[in-house]
There are 2 protein chains.
Amino acid sequence: MGHMTSEHRPALPATPPLTERQEARRRRILHASAQLAGRGGFDAVQMREVAELSNVALGTLYRYFPSKIHLLVATMQDQLQHMHATLRKRPPTESDPGARVAQTLMRAFRAMQREPHLADAMVRALTFADRSVSPEVDTVSRLTTAIILDAMGLDSDATPEQLSAVRVIEHTWHSALITWLSGRASIAQVKIDIETVCRLIELTGPQPGLQRPE
Amino acid sequence: MGHMTSEHRPALPATPPLTERQEARRRRILHASAQLAGRGGFDAVQMREVAELSNVALGTLYRYFPSKIHLLVATMQDQLQHMHATLRKRPPTESDPGARVAQTLMRAFRAMQREPHLADAMVRALTFADRSVSPEVDTVSRLTTAIILDAMGLDSDATPEQLSAVRVIEHTWHSALITWLSGRASIAQVKIDIETVCRLIELTGPQPGLQRPE
DNA sequence: CGCTAATCTAGAACAAGTTACAGAACCGAT
DNA sequence: ATCGGTTCTGTAACTTGTTCTAGATTAGCG
């Protein structure tokens, strides 16, 4: 990704500060979205219902979130921030970076198992998003990356190889979630896939030669 | 053309054999689907247009493919079978199994670059599919697995570890495609991700002593 | 051939995402 | 407090996936 991501639309970076009521509206909308998604999943999040449940006109809903996908991706941003905060409070106990990442992702996975419908709505929206949602999806991606780097124990100084491994882990994470949510993979299989991909981290160790062979 | 592998009848319970005209209709539909997808991507595949372009009534289209997602996943099955046949003709030239898989996937990726809109329609449908499409998506998954195992050089005897690695490679493949199609990752990055994940294959040692040269 | 059941066609109808628009409410600056 | 522009509301309309129905066509069979 280049540095020229959004250099030509000065409207977005300058997010006009929302008033109190506007911030409240936004919260109500996100809450309604998560609530509807929580039971019923993607299909249960109907824009008219979200609008009604959050006491907002349909047009207003679309002003805040220009599409259902935008809304659900924003919902995921919201949930991910919660999760990031929660995970920070209890860092993984394992010693190997790879094991720590696997442990963290399995915790996140368990959280999703508690709300499978919500997870369904968010992940489906995320992978279905087209170019018009790229900035928002990118934010989600950065959040996920941050969570994984946190688990690894290195925040900012990662080698390009490690960043590649993290990207691959993210790919696996999303795709494995999808296969689980659509009933094509068991929980056990998701666990195995996560553990398998996390072995990549041991491969890209920053200190060459310090890993004990298997 | 195509006298081999007529064994693929995914609908196990009572697939009534199609008549000549029915088979022709099915082909016309799939062709129209791929054509519309080819320019315009997912959104350009509109059921009414598919029906019209393939000279079939809308109700008939829905009898053959019970949803747009089913239709596009079936289109992907079709394209994947082509690709599998094509790839078989020119097997990868690398020696390491991991490198062979990477080479094969990059070939497939290059094919997708030639028809990005078609790729977009198929992959979006694949990851958006819900439980009702599981059998069809599973068929696509098995096809992909077969392609990868082919590239590795072992067709039927793979260790569970290797199968895990293959699943993770598939996850990465799909997800990396998505990020590329939605403009969030460059071609170079997809290449790196594929090469990174293919290192997993080297990790999962083959059966001791059974190294199989070409 | 003639019959019956399944299939196909044409078109209307419905559902949910999205857009459009007129008027009410709100916000900030004078 | 008032004015001007923006935002919000309520509602209708439009789009496209999906379902439904009535009649025409076809396939299989005695």
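These figures come from a predicted structure and were not determined experimentally. Lettering follows sequence order; numbering is per chain, from 1.
- Counting heavy atoms from C-beta on, the side chains of B:Q162 and B:I201 never come closer than 4.5 Å.
- Comparing atom distances between the A:T60 side chain and each of C:dA13, D:dT19, D:dC8 picks out D:dC8 as nearest.
- Closest contact between the side chain of A:Y62 and the listed nucleotides D:dT16, C:dT9, C:dG17 involves C:dG17.
- Contact check for A:E23 versus A:R26: side-chain heavy atoms found under the 4.5 Å cut-off.
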Polar pairs (N or O, both sides) under 3.5 Å between protein and nucleotides 2-5 of chain C?
none

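- Closest to the side chain of A:R63, from the set C:dG17, C:dT7, D:dC8, is D:dC8.
- The ring pair (Phe, Tyr, Trp, His ring centres under 6.0 Å) analysis of residues 30-89 of chain A, with sequence neighbours excluded, yields the pairs A:F42-B:F128.
- Side-chain contact between B:T139 and B:V73 is absent, with no heavy-atom pair separated by less than 4.5 Å.
- Contact check of residues 28-43 of chain A against DNA chain D (heavy atom, cut-off under 4.0 Å) returns no residues at all.
- Among the nucleotides C:dC8, C:dA16, C:dT9, the one closest to the side chain of B:Q22 is C:dC8.
- A salt bridge does not link B:E52 to B:R48: none of the charged nitrogens lies less than 4.0 Å from a carboxylate oxygen.
- In this structure, A:E23 atom CD and C:dC27 atom C1' are separated by 17 Å, rounded to whole Å.
- In this structure, B:I69 CD1 and B:R124 CZ are separated by 9.5 Å, a value rounded to the nearest 0.5 Å.
- There is a side-chain donor-acceptor pair under 3.5 Å between B:R184 and B:S182.
- With rounding to the nearest 0.5 angstrom, the CD1 atom of A:I187 is 12.5 Å from the CD1 atom of A:I192.
- Nucleotide C:dG17 holds its C1' atom 14 Å from the CD atom of B:Q46, rounded to whole Å.
- For the pair B:Y64 and C:dT7, the criterion of a side-chain N or O lying under 4.0 Å from OP1 or OP2 is not met.
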Donor-acceptor contacts, no H, no angles, side chain residues 163-177 of chain B, under 3.5 Å, sequence neighbours left out:
{"residue": "B:S164", "atom": "OG", "partner": "B:P160", "partner atom": "O", "Å": "3.2"}
{"residue": "B:R167", "atom": "NE", "partner": "A:D193", "partner atom": "OD1", "Å": "3.0"}
{"residue": "B:R167", "atom": "NE", "partner": "A:D193", "partner atom": "OD2", "Å": "3.3"}
{"residue": "B:R167", "atom": "NH2", "partner": "A:D193", "partner atom": "OD1", "Å": "2.8"}
{"residue": "B:E170", "atom": "OE1", "partner": "B:S141", "partner atom": "OG", "Å": "3.1"}
{"residue": "B:E170", "atom": "OE2", "partner": "B:T145", "partner atom": "OG1", "Å": "2.4"}
{"residue": "B:H171", "atom": "ND1", "partner": "A:S175", "partner atom": "OG", "Å": "2.8"}
{"residue": "B:H171", "atom": "NE2", "partner": "A:D193", "partner atom": "OD2", "Å": "3.0"}
{"residue": "B:T172", "atom": "OG1", "partner": "B:V168", "partner atom": "O", "Å": "3.0"}
{"residue": "B:S175", "atom": "OG", "partner": "A:H171", "partner atom": "ND1", "Å": "2.8"}

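- Among the atoms of the strands shown, none is found under 4.0 Å from any heavy atom of A:V50.
- Side-chain atoms of A:E136 do not come within 3.5 Å of backbone N or O of A:A74 as any donor-acceptor pair.
- In this structure, the nucleotide among C:dG17, D:dG17, D:dC8 sitting nearest to the side chain of B:K68 is D:dG17.
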Run the side chain to side chain contact (heavy atoms under 4.5 Å, CB included) test on A:R107 and A:R90 for me, step by step, so that the C-alpha distance in whole Å, both residues' side-chain angles and the decisive distance to 0.1 Å come before the verdict.
CA-CA 11 Å; A:R107 270 193 201 158; A:R90 285 200 294 133; 4.0 Å; yes
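- Side-chain proximity of A:L58 to C:dC8, C:dA13, D:dA12: nearest is D:dA12.
- With contacts defined as side-chain heavy-atom distances shorter than 4.5 Å, the pair B:D120/B:P116 does not qualify.
- Separating the CZ atom of A:F65 from the C1' atom of C:dT19 is a distance of 19 Å, rounded to the nearest angstrom.
- Atom C1' of nucleotide C:dA25 and atom CG of A:N55 are separated by 16 Å, given to the nearest angstrom.
- Between B:G59 and A:G59, the residue anchored closer to the 5' end of DNA chain D is A:G59, taking for each the nucleotide with the nearest heavy atom.
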Using a 4.0 Å heavy-atom cut-off to protein, can you give one letter per nucleotide of nucleotides 25-30 of chain D, 5' to 3': B if the base is in contact, S if only the sugar-phosphate is, - if neither?
--SS--
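- In the helix from C:dC1-D:dG30 to C:dT30-D:dA1, the terminal helix axes, each the rotation mapping four pairs' C1' atoms onto the next four within five end pairs, subtend 20°, rounded to 10°.
- Nearest nucleotide to the side chain of B:R48, out of D:dT16, C:dC8, C:dG17: D:dT16.
- Under 4.0 Å is where a charged nitrogen must lie from a carboxylate oxygen, and between A:E195 and A:R199 no such pair does.
- In this structure, B:M47 places its CE atom 17 Å from C1' of C:dG11, rounding to the nearest Å.
- Look at CG on A:L71: it is 14 Å from C1' on C:dT18, rounded to the nearest Å.
- As rounded to whole Å, 16 Å separates atom P of D:dT16 from atom CD1 of B:I69.
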Full working for side chain to side chain contact (heavy atoms under 4.5 Å, CB included) between B:Q77 and B:M122:
CA-CA 9 Å; B:Q77 275 181 36; B:M122 297 189 305; over 6 Å; no
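- Here the closest non-hydrogen pair linking B:L72 and B:A125 is CB-CB, 3.4 Å.
- Rounded to whole Å, the distance from CD on B:E49 to P on D:dT16 is 9 Å.
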